[in-house]
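To keep things clear, I will list the structure first and then write my remarks on it.
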Amino acid sequence: PDYKITDSLNEVTGYINNYFYSRTIKLESKYKCRSVKFVSLNQPVYVSKPKSLNQTRFQISFPSAPYVSTGYKYSKLIETYLTYALREEVLKLLNVYGVNVSVIAFKNNGRLSVTFAADAEVAEERYAAVINRLKQIASEGVSEKEFNVLKNMYETTVSLYHESSTEIAYRFNKWLLIKDELFNLNTEIAGINAMTYENFSYTLNHILDFNKMLVVVLGKKPDGFVPF
């Protein structure tokens, strides 16, 4: 179908503003906002801006996720999994640069963003490879064994770098508040141990919703490019 920018201009503009606001919160604020308004597209949306570059940069965003704690709780595991399952694999392709996978978690939703650049002459093929891999992950899911490995990795990371509230205060001083609350290692470990494979799979499946996907292309648009 022919998705026209004008059909969803207000929706896309609002989403993009909200997205970059959330990125600013993540990168620059010492506090993590947990109550950003939920944003969801009604259909896939494609936006492009021609630039005289030898590369084409893609941003693929999925703004949909389950309500309340599930998306927030499992976001770090999903980001870790996609970094290994997607980023490392895509970086092996020739003429691909700056691959980044980020899952931004909030109290009432989570958002997945995949960004990368490719040389203009192979941009369409590289984009197709990324989309096909994401669709493969969505259809095949994650095995329970992989989930348990992810959970153990996450628990180990938290334990190593956040031994206690006193240690955090010593290391980070003003960064003592994490997620708008005082960090407690025992509470955090208990929360990790309570994570379930079923909820992880449910969250991943909801985030990878190709019917609510935003694709932004900067640079030379490939001839005959079909984003969806």
Side-chain angles (χ1 to χ4, degrees), residues 1-5 8 12 15-16 19 39-51 53-66 71 74-104 109-147 149-150 197 200-228:
D2 182 17
Y3 297 105
K4 297 180 180 179
I5 296 177
S8 301
V12 173
Y15 172 72
I16 291 176
Y19 173 80
V39 178
S40 180
L41 302 174
N42 294 324
Q43 63 183 19
V45 177
Y46 169 50
V47 180
S48 67
K49 184 174 183 180
K51 287 191 174 183
L53 304 172
N54 292 325
Q55 293 182 353
T56 302
R57 185 149 193 86
F58 298 91
Q59 179 188 68
I60 305 169
S61 300
F62 297 87
S64 54
Y74 291 87
S75 61
K76 183 54 64 177
L77 295 187
I78 292 174
E79 181 176 286
T80 301
Y81 175 75
L82 289 175
T83 296
Y84 282 101
L86 178 66
R87 182 178 183 274
E88 299 304 320
E89 185 174 310
V90 172
L91 281 173
K92 295 177 183 178
L93 299 174
L94 296 177
N95 311 106
V96 178
Y97 318 95
V99 182
N100 182 64
V101 178
S102 176
V103 179
I104 305 173
N109 66 297
R111 299 172 196 163
L112 165 63
S113 176
V114 180
T115 59
F116 65 97
D119 288 347
E121 62 269 18
V122 296
E124 187 171 6
E125 290 84 353
R126 299 301 180 260
Y127 173 85
V130 172
I131 290 295
N132 290 337
R133 183 67 179 107
L134 285 170
K135 289 183 175 179
Q136 181 184 19
I137 293 171
S139 62
E140 296 179 358
V142 179
S143 71
E144 189 166 1
K145 182 178 180 181
E146 289 175 312
F147 165 72
V149 170
L150 287 170
Y197 172 65
F200 175 85
S201 299
Y202 173 83
T203 306
L204 178 63
N205 182 63
H206 275 70
I207 287 181
L208 290 175
D209 186 349
F210 293 88
N211 294 315
K212 298 178 180 179
M213 181 172 67
L214 172 65
V215 178
V216 179
V217 177
L218 302 177
K220 295 180 180 178
K221 183 175 67 173
D223 294 334
F225 177 65
V226 180
F228 309 122

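- Side-chain contact check for Met213 versus Leu134: every heavy-atom pair is 4.5 Å or farther apart.
- With rounding to the nearest 0.5 angstrom, the CG atom of Asn100 is 10.0 Å from the CD atom of Gln59.
- Sorted pairs that involve residues 113-125 and meet salt bridge (charged side-chain N to carboxylate O under 4.0 Å, His left out), not counting sequence neighbours, are lacking altogether.
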Give the intermediate values and the outcome of side-chain contact (heavy atoms from CB on, under 4.5 Å) for residues Ile131 and Phe228.
-> CA-CA 9 Å; Ile131 290 295; Phe228 309 122; over 6 Å; no
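- Asn95 and Arg126 make their closest contact through OD1-NH2, 4.1 Å (heavy atoms, listed as atom of the first residue, atom of the second, distance).
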After noting the C-alpha distance and the side-chain angles of Lys76 and Glu79, does the key distance pass the salt bridge (Lys or Arg N to Asp or Glu O under 4.0 Å) rule?
-> CA-CA 5 Å; Lys76 183 54 64 177; Glu79 181 176 286; 3.1 Å; yes
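- In this structure, OG on Ser75 lies 12.0 Å from CG on Leu204, to the nearest 0.5 angstrom.
- Among Leu77, Val142, Ile137, the one residue that satisfies the side chain to side chain contact (heavy atoms under 4.5 Å, CB included) test with Leu82 is Ile137.
- Between the side chain of Arg57 and the backbone N or O of Leu218, no donor-acceptor pair lies under 3.5 Å.
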For side-chain contact (heavy atoms from CB on, under 4.5 Å), just list the numbers for Ile207 and Ile78, CA-CA rounded to whole Å, side-chain angles, deciding distance to a tenth of an Å, and then say yes or no.
-> CA-CA 10 Å; Ile207 287 181; Ile78 292 174; 3.9 Å; yes
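- By the ring-ring contact (aromatic ring centres under 6.0 Å, His included) test, Tyr127 is found to be paired with Phe58, Phe225, residues two or more places apart in sequence or in another chain being considered.
- Annotation: side chain of Phe116 is in contact with side chain of Ile60 (closest heavy-atom distance under 4.5 Å).
- Here the OH-CD distance, from Tyr197 to Glu146, works out to 8.0 Å after rounding to the nearest 0.5 Å.
- More than 12 heavy atoms of other residues, nucleotides or ligands sit less than 6.0 Å from atom CG of Asn132.
- Taking CZ from Phe62 and CG from Asp209, the interatomic distance works out to 8.0 Å, rounded to the nearest 0.5 Å.
- Among all heavy-atom pairs drawn from Ala120 and Thr56, the shortest one is CA-OG1, 3.9 Å.
- Here the OG atom belonging to Ser61 is positioned 7.5 Å from the CG atom belonging to Leu112, to the nearest 0.5 angstrom.
- For Tyr84, there are no ring-ring contact (aromatic ring centres under 6.0 Å, His included) partners at least two apart in sequence or on another chain.
- Residue Ala85 comes nearest to Glu89 through the heavy atom pair O-OE1, 3.6 Å, listed as atom of the first residue, atom of the second, then distance.
- When every heavy atom of Ala118 is checked against every heavy atom of Ala123, the shortest pair comes out as CB-CA, 4.0 Å.
- With values rounded to the nearest 0.5 angstrom, Tyr81 atom OH is found 8.0 Å from Leu150 atom CG.
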